[in-house]
Number of protein chains: 2
Amino acid sequence: MREPVPLRDIVIEARELFREYGYEGASMRDLAGRVGLRPQSLYTRFPSKEALVSEVLALTLEEMLEGLPDPDRNWRNAWRTLIGRIAQTLENHGRCVGLHLAYGVTSATPEAQKAVRVFFKSVQEAMTRILRSGKIAPPAATAADTLAQLEGATLWIATEGDNRPLKRAVRRALHLAGPVRRCGEKAELPS
Amino acid sequence: MREPVPLRDIVIEARELFREYGYEGASMRDLAGRVGLRPQSLYTRFPSKEALVSEVLALTLEEMLEGLPDPDRNWRNAWRTLIGRIAQTLENHGRCVGLHLAYGVTSATPEAQKAVRVFFKSVQEAMTRILRSGKIAPPAATAADTLAQLEGATLWIATEGDNRPLKRAVRRALHLAGPVRRCGEKAELPS
DNA sequence: GTCTATATCTAGATAGAC
DNA sequence: GTCTATCTAGATATAGAC
């Protein structure tokens with residue numbers, strides 16, 4: 001008798017595969033191999049490959065938003081933290097699992113499609129809430145555009161390994177919360 | 001004896017499939033069905049599925065750049081035309097075949113990877129050349145960022161069917177070439 | 001919960017007739 | 001250049017023993 005593989009481990013590996021190979025390109029066989037299971041054993045934990053999508057995105061959303069500073073207390077801090085987390089993830093992996101899935105899931109997998117939509121709407125809403133606290137107008141459109149710019153910049157990481165467009169997108173995003181700090185400069189901005 | 005299916009028709013249908021389903025999701029069987037051939041017959045026209053990628057992107061690049069106004073004569077006109085073409089294509093199809101392939105091809109298909117890299121570098125260079133003619137600095141980074149913003153905006157078309165982020169990205173891009181014309185306003189800008 | 005074994009389907013690609 | 005027929009490999013998913 002072996003001890004069960006933690007669900008979280010499976011989801012984390014599934015995310016890696018979806019991010020790298022997309023929905024179609026990721027296989028249950030590869031996933032099983034990565035977590036040390038036989039492919040068939042995955043189906044006792046998840047009903048289908050499609051079901052993994054919502055698990056992956058729920059985990060990603062949770063990691064992105066957990067312990068975020070309260071926007072009503074210090075919206076600039078919340079904004080910087082959220083943008084920093086998104087950018088760090090994109091830079092670490094060179095691509096966004098959400099974007100890969102957004103392009104990769106079709107109407108053949110409606111639950112997965114819905115999960116992707118919920119994911120990005122949730123991220124946008126979190127950003128919108130912060131910008132609204134900062135009286136940045138219009139908050140929803142600015143949030144959508146900011147996220148689109150960060151995601152779009154991954155094009156250059158994926159094709160050229162060039163992360164400078166992402167750095168500039170981050171800079172523009174942070175600029176919304178006031179002047180960007182230079183190196184070594186420790187600005188104390190009003191909350 | 002039937003008459004041969006034009007190569008161009010096959011490439012155009014392949015593009016449709018790659019754009020919608022990505023590299024992995026697109027199948028030679030579907031492609032054959034769309035052009036009225038048996039799957040096996042495709043291999044007398046193209047050596048492999050991978051080889052279709054460069055054909056698709058070469059055609060797309062050609063359509064994007066053919067007959068573009070000379071940047072040295074009127075760079076604003078060239079810029080508006082190119083941005084307009086890119087935006088129109090993205091809006092018509094709701095997604096970019098190049099971005100889907102950028103995310104979708106792996107090191108398992110190195111020729112396809114190279115084709116994607118060449119495609120985006122070529123688009124960037126065309127944009128860079130125009131911006132340089134307009135003395136917009138820095139031209140290369142501005143071109144990369146502009147393209148990234150347009151591509152990133154397709155996220156919202158793909159997930160929500162919302163093309164307003166793309167419209168705003170276009171507006172920002174056109175703003176680089178001077179004030180944006182209002183509806184009905186027929187500005188004559190200096191070349 | 002994991003395993004072996006298997007079912008079912010579809011993928012990309014090849015051989016040879018016409 | 002297109003066809004019929006076939007190969008080989010891989011995919012998702014299920015059944016039943018331990």
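A note on names: the letters A, B, ... follow the listed sequences, proteins ahead of strands, and every chain is numbered from 1. Since the model is a prediction, treat every value here as computed from it, not as a measurement.
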Give the rounded distance in Å between these two atoms: CD of B:Gln40 and P of C:dA13.
-> 12 Å
Assert: residue with more 5' nearest nucleotide on DNA chain D, out of A:Thr44 and B:Arg38, is B:Arg38
Choosing from D:dT2, C:dT2, D:dT14, which nucleotide comes nearest the side chain of B:Val5?
-> D:dT2
Rounded to whole Å, CZ of B:Arg45 lies from C1' of D:dC3 at a distance of 14 Å
What is the distance from CG of A:Leu42 to C1' of D:dA11, rounded to the nearest Å?
-> 13 Å
With sequence neighbours excluded, tell me which residues meet side chain to side chain donor-acceptor pair (under 3.5 Å) with B:Tyr103.
-> A:Thr154
Residues that A:Pro110 engages under side chain to side chain contact (heavy atoms under 4.5 Å, CB included), provided they are two or more places apart = A:Glu50
Which side-chain N or O atoms in residues 136-147 of chain A pair as donor and acceptor under 3.5 Å with protein atoms at least two apart or in another chain?
| from | atom 1 | to | atom 2 | distance (Å) |
| --- | --- | --- | --- | --- |
| A:Thr142 | OG1 | A:Pro138 | O | 2.6 |
| A:Asp145 | OD1 | B:Arg168 | NE | 3.1 |
| A:Asp145 | OD1 | B:Arg168 | NH2 | 2.9 |
| A:Asp145 | OD2 | B:Arg168 | NE | 2.7 |
| A:Asp145 | OD2 | B:Arg172 | NH1 | 3.3 |
| A:Thr146 | OG1 | A:Thr142 | O | 2.7 |

Could A:Asp72 and A:Arg129 be called an ion pair, given the rule that one side-chain N must be under 4.0 Å from one carboxylate O?
-> yes
Could you pull out all residues at least two apart from B:Tyr23 that satisfy ring pair (Phe, Tyr, Trp, His ring centres under 6.0 Å)?
-> B:Phe18
Please check the phosphate of D:dC3 (OP1 and OP2 only) for any side-chain N or O of B:Ser41 closer than 4.0 Å.
-> yes
Could you pull out all donor-acceptor pairs under 3.5 Å where a side-chain atom in residues 52-62 of chain A meets a protein atom, sequence neighbours excluded?
| from | atom 1 | to | atom 2 | distance (Å) |
| --- | --- | --- | --- | --- |
| A:Ser54 | OG | A:Ala51 | O | 3.2 |
| A:Thr60 | OG1 | A:Arg15 | NH1 | 2.9 |
| A:Thr60 | OG1 | A:Val56 | O | 2.8 |

All N/O contacts under 3.5 Å from nucleotides 7-11 of chain C to the protein, with atom names and distances to one decimal?
| from | atom 1 | to | atom 2 | distance (Å) |
| --- | --- | --- | --- | --- |
| C:dA11 | OP1 | B:Ser27 | OG | 3.4 |
| C:dA11 | OP2 | B:Arg29 | NE | 3.1 |
| C:dA11 | N7 | B:Arg29 | NH1 | 3.4 |

Looking at residues at least two apart in the chain, or sitting in another chain, which of them share a side chain to side chain donor-acceptor pair (under 3.5 Å) with A:Lys114?
-> none
What's the shortest heavy-atom distance between B:Ala102 and A:Arg95, and which atoms?
-> O-NH2, 3.8 Å
Apply ring pair (Phe, Tyr, Trp, His ring centres under 6.0 Å) to B:Phe120 and list each qualifying residue two or more places apart in sequence or on a separate chain.
-> none
Could you tell me the separation between the OH atom of A:Tyr43 and the P atom of C:dT4, rounded to a whole number of Å?
-> 17 Å
What is the distance from OH of A:Tyr23 to P of D:dA11, rounded to the nearest Å?
-> 14 Å
Please report, rounded to the nearest Å, how far the P atom of D:dG1 is from the CZ atom of B:Phe46.
-> 11 Å
Between D:dT12 atom C1' and A:Leu17 atom CG, what is the distance in whole Å?
-> 15 Å
Rounded to the nearest Å, what distance is computed from the CD atom of residue B:Glu50 to the C1' atom of nucleotide C:dA13?
-> 14 Å
Regarding the side chain of A:Leu37, the nearest nucleotide among D:dG1, D:dC3, C:dC3 is C:dC3
Rounding to the nearest 10°, end axes of the helix from C:dG1-D:dC18 to C:dC18-D:dG1 built from five pairs each make an angle of 0°
